[in-house]
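Written below as structure tokens is the structure these notes are about.
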Amino acid sequence: GQNIDQPTEMTATEGAIVQINCTYQTSGFNGLFWYQQHAGEAPTFLSYNVLDGLEEKGRFSSFLSRSKGYSYLLLKELQMKDSASYLCAPLNTGFQKLVFGTGTRLLVSP
Amino acid sequence: EAQVTQNPRYLITVTGKKLTVTCSQNMNHEYMSWYRQDPGLGLRQIYYSMNVEVTDKGDVPEGYKVSRKEKRNFPLILESPSPNQTSLYFCASSLAAGENGYTFGSGTRLTVV
């Protein structure tokens, strides 16, 4: 089976740091993606983790623990434009597809 | 510019009137997929295609058809649309089965009345 769990909604203030957690259970796991999606728009790629550990890319970092079925997305120096939904998506090679969580809606306030 | 192009962006139609949503990619990707997105349910896969003439059902295929006659095109067909197919639809493509991430089209907001 496939199960992905993320918080539904989070709020933070401009300039702060926020961590969005994702736990997953999926067969044939081969990496995990994070996507950003603004309301009504297409998801856009943020990061891809295959190995355990932290991947840093500018203000955004992503962490993966394969043994724990756990990942997080860390956003630093938050800006108003970071208000969006963030989708956790494990790659399920058994079903040959990305399995998307329902996403975490992040609201950044001034 | 490398992209996935979906048309139309918005469509309002009536129950039972056949429609096609087109999807085209210019990246020579083998893998293409259709998703629908509904509030609280996230992105759910409708159909996918590993390559030309190879298509398979995703999680919610009922009421939809697809074809993959050429590598670049992957149209989504609703033979007899119903109101429960009102949704936001995304086409996506990838070099392999998701391993390089998906590139998404801009989306099609479909309303069936």
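Naming convention: chains lettered A, B, ... in sequence-line order (proteins, then strands); numbering from 1 in each chain.
Residue B:R109 touches chain A through its side chain alone, counting heavy-atom pairs closer than 4.5 Å. Of the atoms belonging to B:L43, heavy atoms from both backbone and side chain fall under 4.5 Å from chain A. For chain A, the nearby part of B:S106 is the backbone; its heavy atoms alone come within less than 4.5 Å. Proximity to chain A is absent for every atom of B:Q6, based on heavy atoms less than 4.5 angstrom apart.
Between A:F33 and B:Y102, a ring centre-to-centre spacing not shorter than 6.0 Å is recorded. Side-chain rings of B:Y35 and B:F90 stay apart, their centers remaining 6.0 Å or farther from each other.
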Report task. Just do the side-chain contact (heavy atoms from CB on, under 4.5 Å) check on B:L78 and B:Y64 with the steps written out, would you? Result -> CA-CA 5 Å; B:L78 285 74; B:Y64 304 95; 3.8 Å; yes
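Between the side chain of B:Q45 and the backbone N or O of B:P61 there is no donor-acceptor pair closer than 3.5 Å.
Chosen from A:P43, A:A89, A:G103, A:G40, the residue pairing most often with chain B at heavy-atom distances under 4.5 Å is A:P43.
In this structure, the side chains of B:V112 and B:K17 stay at 4.5 Å or more apart for every pair of heavy atoms.
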